[in-house]
Number of protein chains: 2
Amino acid sequence: MEIDQILNNIYPLPESSKSVIKKYISEISYPKGHILLRADKIETSIYFIKKGIVRAYANSADNEITFFFGKEGDTVISMKSYVANEKGYEDIELLEHCDLYELKTQNLQQLFEKDIAIANWGRKFAEQELIKTEERLIFREFRTAKERYIELLTNNPDLIKRVQLGHIASYLGITQVSLSRIRAEVK
Amino acid sequence: MEIDQILNNIYPLPESSKSVIKKYISEISYPKGHILLRADKIETSIYFIKKGIVRAYANSADNEITFFFGKEGDTVISMKSYVANEKGYEDIELLEHCDLYELKTQNLQQLFEKDIAIANWGRKFAEQELIKTEERLIFREFRTAKERYIELLTNNPDLIKRVQLGHIASYLGITQVSLSRIRAEVK
DNA sequence: AGGAAAATTTTACAAATGATAAAAAATACG
DNA sequence: CGTATTTTTTATCATTTGTAAAATTTTCCT
């Protein structure tokens with residue numbers, strides 16, 4: 001997906017503001033398996049996915065939990081670094097070879113102070129991510145694991161093709177064994 | 001909590017911008033039990049809590065889930081109405097008599113377009129809510145119900161005194177019976 | 001204070017999910 | 001193509017959490 005479309009999908013920007021942002025954006029590619037963002041670091045860039053798929057996962061003592069998948073058009077960001085300038089809780093791993101647009105957070109922060117259209121674009125970006133996160137938080141509680149799987153299968157069929165089931169299970173909040181049981185039932 | 005402090009806690013604003021916002025803010029009180037925001041409505045106001053405590057809950061066919069408590073200094077908002085101008089998924093009920101500051105969304109939206117400091121204040125507001133929501137989504141998965149209860153007890157001891165346990169249980173993602181079991185163990 | 005209503009706890013049983021281990025299947029790669 | 005590795009499935013048993021109903025405690029109202 002091209003950068004113009006990605007920026008506009010978040011919030012329509014006047015051409016002049018869009019050009020200003022694009023001056024600070026560069027393209028970069030990394031291979032499958034590359035760790036793009038690290039939990040123990042204050043990250044200084046955000047990325048938009050041109051092509052490919054990534055996952056965000058957090059670690060605790062004994063297990064690892066995948067809580068986000070990003071694909072074409074999505075933003076890859078350590079929210080904690082971006083918002084609070086503190087290290088985050090997640091690593092982000094590329095699950096395929098990825099073509100990315102990179103933007104230095106610092107440059108964007110400066111634009112927020114100077115360009116009201118960009119400030120409102122940044123506001124809309126946060127608001128939309130918030131809605132998505134809130135919906136996941138709420139609706140997780142209303143559905144059984146089986147329903148959550150079926151919903152993912154319906155809304156995001158390609159995800160299940162592109163991502164291994166262990167990660168999907170973790171994203172759904174269950175073990176891989178449970179997911180296997182569910183898949184056997186649903187089929 | 002006074003409105004100046006609430007606004008500043010979100011993001012420090014120049015006095016001039018703060019005065020502009022305050023022109024559109026009025027005070028209002030409602031009794032315990034009042035439903036402040038409704039799931040089936042596009043809400044046109046947001047509120048800041050001067051005094052009191054509220055809960056947000058969503059309904060599905062068979063059960064009701066509390067997913068947010070707000071107290072002094074917190075913002076009460078139908079995020080879906082505010083962000084997307086669509087009806088939300090939650091009712092908000094006052095659990096005590098509440099003194100509130102009310103701000104019409106429409107007025108705020110207009111200020112976003114005119115005042116860059118206010119636009120960035122709105123951005124920071126969304127970003128901070130996002131961080132809080134994301135943390136809840138992630139850390140819920142890492143802790144057992146018992147750990148989540150103990151954490152709430154530690155970080156928010158007054159909540160457990162002010163709110164009935166059925167709501168707390170729902171917030172923790174467990175049944176009231178489970179919470180009772182946990183409380184019997186922990187004591 | 002007294003009694004009704006609401007909230008909380010307890011108990012018994014059922015269902016869902018987890019842990020572990022091992023087999024089967026799919027994939028990667030020399 | 002064949003072997004090693006990874007991923008997925010299957011089976012068993014243990015644990016957690018849920019459901020329902022009764023018992024107890026607290027709150028609220030007159």
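The figures that follow rest on heavy atoms only: side chains count, while hydrogens, waters and symmetry mates do not. Just so it is clear, the structure is predicted and the values come from calculations on it, not from any experiment. In what follows, chains carry the letters A, B, and so on, assigned in the order in which the sequence lines appear, proteins first and then strands, with residues in each chain numbered from 1.
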What is the distance from [atom1] of [X] to [atom2] of [N], rounded to the nearest Å?
| X | N | atom1 | atom2 | answer |
| --- | --- | --- | --- | --- |
| B:Glu96 | D:dC28 | CD | P | 12 Å |
| B:Lys146 | D:dT15 | NZ | P | 14 Å |
| B:Arg162 | C:dA7 | CZ | P | 18 Å |
| B:Glu185 | D:dT16 | CD | C1' | 11 Å |
| B:Ile65 | D:dG18 | CD1 | P | 11 Å |
| A:Ile174 | D:dT9 | CD1 | P | 12 Å |
| A:Ile160 | D:dT8 | CD1 | P | 12 Å |
| B:Leu165 | D:dT25 | CG | P | 16 Å |

Side chains of B:Lys71 and B:Asn156, donor plus acceptor under 3.5 Å: yes
Can you find a side-chain donor-acceptor pair between B:Thr133 and A:Glu134 that sits under 3.5 Å? no
The side chain of [X] lies closest to which of these nucleotides: [options]?
| X | options | result |
| --- | --- | --- |
| A:Arg181 | D:dT10, D:dC28, C:dG18 | C:dG18 |
| B:Gln176 | D:dG18, D:dT8, C:dT9 | C:dT9 |
| A:Gln164 | D:dT8, C:dA19, D:dT19 | D:dT8 |
| A:Ala145 | D:dT17, C:dT8, C:dT17 | C:dT17 |

May I have the step-by-step check of side chain to side chain contact (heavy atoms under 4.5 Å, CB included) for A:Arg148 and A:Ile174, ending in yes or no? CA-CA 10 Å; A:Arg148 296 204 297 275; A:Ile174 54 178; 4.2 Å; yes
So that I can tick it off, tell me whether B:Glu86 and B:Lys80 are bridged by a salt bridge, with the cut-off set at under 4.0 angstrom between side-chain N and carboxylate O. yes
Just to be sure I understand the rule, does [X] reach a base, reach only the sugar-phosphate, or reach nothing, if contact means heavy atoms closer than 4.0 Å?
| X | result |
| --- | --- |
| A:Leu179 | nothing |
| B:Ser178 | sugar-phosphate |
| A:Thr175 | sugar-phosphate |

Interatomic distance, B:Ile3 atom CD1 to B:Phe48 atom CZ [nearest 0.5 angstrom]: 5.0 Å
Can you tell me if A:Arg183 touches the phosphate of D:dT9, counting only side-chain N or O atoms and a distance under 4.0 Å to OP1 or OP2? yes
